[in-house]
K.L.:
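Okay, handing you the structure first.
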Amino acid sequence: MSEVNSISPEVQRRILEEEYPELAEFRASGRAEERSLPPLPNAMEGKVRLRFAPNPDFVIHMGNARPAIINHEYAKMYRGALILRFEDTDPRTKTPLKEAYDLIKEDLKWLGVSWDEEYIQSLRMEVFYKVAREAIARDCAYVDNCGDEGKRLLSEGRHCPSRDYPPEESLELFDRMLDGVFGEGEAVLRMKTDPRHPNPSLRDWVAMRIIDTEKHPHPLVGSRYVVWPTYNFAVSVDDHLMGVTHVLRGKEHQLNTEKQLAVYRCMGWRPPEFIHFGRLKLEGFILSKSKIRKLIEEKPDEFLGYDDPRFGTIAGLRRRGILPEAIREVIMQVGVKPTDATISWANLASINRKLLDKRADRIMFVEDPVRLKLSLSSSKCLEARIPYHPDRPERVRAIEVCDGDSVLLSRSDYTSHQQVRLMGLSNFSIEDSVLVETDPSLDHARRMKLPIIQWVKASEAVKTVVLEPVELSLKSRSGYSEGSIRGYGVDSRLQFVRFGFVRVDSAGEEYTVIYTHK
RNA sequence: GCCGCGGUAGUAUAGCCCGGCCCAGUAUGCGGGCCUUUCGAGCCCGUGACCCGGGUUCAAAUCCCGGCCGCGGCACCA
């Protein structure tokens, strides 16, 4: 083994290829293999229609990215269509956020999810009313005007007397609902299922209810409507009308699927294929919309907003420095299994690091700096020519220092070494507050196994604060970056040499960056 | 409590439908090494898993039964 390890990688690879060609080939094809999704049942090329249907009560997070990306991937795979539909039919308890509609669209675009059609349910109320009337006419829906009593009766396997009214009478009651005759809770439209179904929530479930929009105005349509469809009714109607062929969503919707089937049965529609996958967690991040909202509201000084890098929102991950390709890749790896999955941060970070490594320029940053004077001996002045990226050695910046100039080193380097090589410059021994130049050659540094460390010319240093998310806190680490950081604006992704990858969060006289990962 | 869905290494996933090619593949993590003017990337080697118990079978991660555990649902939320 040690024999193998003492051989250089190129030689190792060559030997492998020569001696075991089938093995090398196997490796190569395994590497190229892209994770692809299993085929969809009853799917025809060009005919598949899918949808992503978020509730615009907040921005989307990693958990929503699963249905968004999976649906988009399938749409691409079958050259089908992806529908974006905002499900905003509860102005009372899940009040939509006016800004969320656009924020969600921005996040989707950033994720690379494109859609072909776009709908907003609160703008389709007349459609729901029309279908409701037809359902009543078909005698598979009725107005329950028993108020709270109606629910109690059903819990006992009985029902409100109005269930037995002829359709014409129910239709009249429905019109009175629309006219605002009833207050909240006084009347609801129910689908006729089975009042004695073993699962009480399935018994004549509510298709439409009254919401006092004077008290709870909707951000888009204000107080124009008082009768609102429930999720299950609105979804079935829209999925059918929009020609959705496959519904892929989280398994929390399994029971809803059963409810929705009642609408298809009533209307004589052909139901789509339903596929449920497990829930997603992101290790170390808060995903819950309600928890995030609560934290922002209760501790506005401690959190940066919905895009705080400690949150698992798409915006938060973006601000952290995660690339959309990394999110897509990790979602594709998890796939469509019905099991829950906890995405490990190490895994996401690793995928991201590989993508970032190719595009992030290398910049020197010293944390907790110590100021030292240079004592040069090889010449009066030295010029360090350091490539911004090891893959593109022609792109360099030059940093000139002269005898007597001051440089900054990270305190941890200062305290743990006696001899060092300042990257791209020369070798030094550390004597109290002076760096005394020894042999300038790189070979010498290698022979002596000197650590090659980053440094910042004091006169050009740019104060830099690194914000590092650690669990629920945001650790602040400060230091100085080399002057060339000024060439990078907000949103630039950099690698601070021997420190880690960061994303520029604010650029000005001073810089603030967010620590992405090692 | 009731109903539904699941359980492959620390994490994620392949294999399970159509039992043998699986003493279980891959990625990440971890340990070691090579390379390299970064503690990054790359390369090599290693490490580690079929929830438990029965059954069917020449043969079970794969099929059957029971148990345990986890998740989801049981709204006039989505």
Side-chain angles (χ1 to χ4, degrees), chain A residues 1-13 15-16 26 30-31 33 35 53-57 87-90 92-94 96 121 144 147-148 150-151 184-190 197-203 205-211 228-232 234-235 249-258 276 278-279 283 289 329-330 332-335 337-351 353-354 356-358 360 362 364 384 386-387 389-391 421-425 442-443 445-446 450-454 495-501 517-518:
Chain A
M1 195 49 55
S2 54
E3 201 185 320
V4 173
N5 285 336
S6 63
I7 306 171
S8 77
E10 295 80 72
V11 178
Q12 285 180 14
R13 203 175 309 120
I15 291 174
L16 188 71
F26 177 75
R31 176 64 44 87
E33 187 190 336
R35 178 82 53 149
N55 180 334
D57 63 342
E87 311 209 314
D88 56 349
T89 56
D90 182 9
R92 184 173 48 202
T93 53
K94 288 218 169 157
Q121 289 190 318
D144 168 345
D148 289 343
K151 197 195 273 185
E184 282 189 9
E186 289 174 8
V188 292
L189 180 76
R190 290 185 183 278
H197 189 103
N199 187 333
S201 89
L202 248 19
R203 317 224 259 244
W205 55 268
V206 174
M208 289 199 162
R209 81 293 208 190
I210 292 161
I211 293 172
W228 287 83
T230 57
Y231 169 78
N232 282 302
V235 164
R249 60 194 348 179
K251 66 177 177 186
E252 64 270 25
H253 289 294
Q254 274 170 149
L255 189 68
N256 290 326
T257 296
E258 234 180 295
H276 300 111
R279 312 200 88 182
E283 182 190 77
K289 288 180 179 183
E329 197 173 323
V330 85
M332 289 297 280
Q333 276 181 14
V334 170
K337 295 209 317 174
T339 42
D340 294 341
T342 304
I343 292 170
S344 76
W345 171 244
N347 204 156
L348 215 209
S350 161
I351 294 170
R353 187 181 300 121
K354 277 167 201 161
L356 229 38
D357 187 63
K358 295 178 215 130
R362 274 55 170 174
M364 296 193 288
I386 306 171
H389 192 107
D391 294 349
R421 176 173 179 81
L422 300 199
M423 192 185 237
L425 198 66
L442 176 59
D443 279 345
R446 284 195 176 136
L450 298 186
I452 297 162
I453 67 169
Q454 75 278 22
Q495 188 202 56
F496 280 176
V497 173
R498 297 208 309 140
F499 184 87
F501 290 92
H517 47 61
K518 185 177 58 168

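Letters A, B, ... mirror the listed sequences (proteins, then strands); counts begin at 1. Computed from a prediction, not measured in an experiment: that's the story for all the values here. The basis for the numbers below is simple: all heavy atoms, side chains too, and nothing from hydrogens, waters or symmetry mates.
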K.L.:
Mark yes or no for a side-chain to base donor-acceptor pair under 3.5 Å between A/Q495 and B/U38, with no hydrogen or angle criteria applied.
P.N.:
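Check passes, donor-acceptor contact within cut-off.
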K.L.:
With sequence neighbours excluded, what pairs up with A/H276 under the ring-ring contact (aromatic ring centres under 6.0 Å, His included) test?
P.N.:
none
K.L.:
Classify A/D90 by what it touches in the nucleic acid, base, sugar-phosphate, or nothing, heavy-atom distance under 4.0 Å.
P.N.:
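Here A/D90 touches the backbone only, sparing every base.
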K.L.:
List the residues meeting side-chain hydrogen bond (donor to acceptor under 3.5 Å, both in side chains) with A/E329, not counting sequence neighbours, and say none if there are none.
P.N.:
none
K.L.:
Under 4.0 Å between any heavy atoms, over every strand shown, what does A/K358 touch: base, sugar-phosphate, or nothing? Just pick one.
P.N.:
nothing
K.L.:
Output yes when at least one side-chain N/O atom of A/T89 is less than 4.0 Å from OP1 or OP2 of B/A78, else no.
P.N.:
yes
K.L.:
Among residues at least two apart in sequence or on other chains, which ones pass side-chain hydrogen bond (donor to acceptor under 3.5 Å, both in side chains) with A/R209?
P.N.:
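Not a single residue meets the side-chain hydrogen bond (donor to acceptor under 3.5 Å, both in side chains) criterion with A/R209.
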K.L.:
Which nucleotide, B/U38, B/A12, B/U28, lies nearest any side-chain atom of A/I452?
P.N.:
B/U38
K.L.:
So what does the secondary structure string of RNA chain B come out as, 5' to 3', with Watson-Crick or wobble pairs under 3.5 angstrom, [ ] for crossing and | for pairs with another strand?
P.N.:
(((((((..((((......[....))))((((((.......))))))...(((((..]....))))))))))))....
K.L.:
Heavy atoms under 4.0 Å, any strand shown: does A/N256 hit a base, just sugar-phosphate, or nothing?
P.N.:
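Counting heavy atoms under 4.0 Å across all strands, the contact made by A/N256 includes a base.
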K.L.:
For each nucleotide in nucleotides 68-75 of chain B, reading 5' to 3', give B when a protein heavy atom comes within less than 4.0 Å of its base, S when such contact involves only the sugar-phosphate, and - otherwise.
P.N.:
---BSSSS
K.L.:
A/R92 side chain N/O closer than 4.0 Å to the phosphate oxygens (OP1, OP2) of B/C76?
P.N.:
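No, outside the criterion.
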K.L.:
Tell me whether the side-chain N/O atoms of A/K337 come closer than 4.0 Å to OP1 or OP2 in B/A12.
P.N.:
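Answer no for this pair, as no side-chain N or O of A/K337 is under 4.0 Å from OP1 or OP2.
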K.L.:
Between A/V497 and A/A341, name the one whose nearest nucleotide on RNA chain B is closer to the 5' end.
P.N.:
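Per heavy-atom nearest nucleotide, the more 5' residue is A/A341.
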K.L.:
Do the side-chain N and O atoms of A/D90 and A/T93 include a donor-acceptor pair separated by under 3.5 angstrom?
P.N.:
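A/T93 and A/D90 do have a side-chain donor-acceptor pair below 3.5 Å.
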K.L.:
Taking side-chain hydrogen bond (donor to acceptor under 3.5 Å, both in side chains) as the definition, give me every residue that meets it alongside A/R92, ordered by chain and number, with sequence neighbours left out.
P.N.:
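side-chain hydrogen bond (donor to acceptor under 3.5 Å, both in side chains) check on A/R92 returns A/E184.
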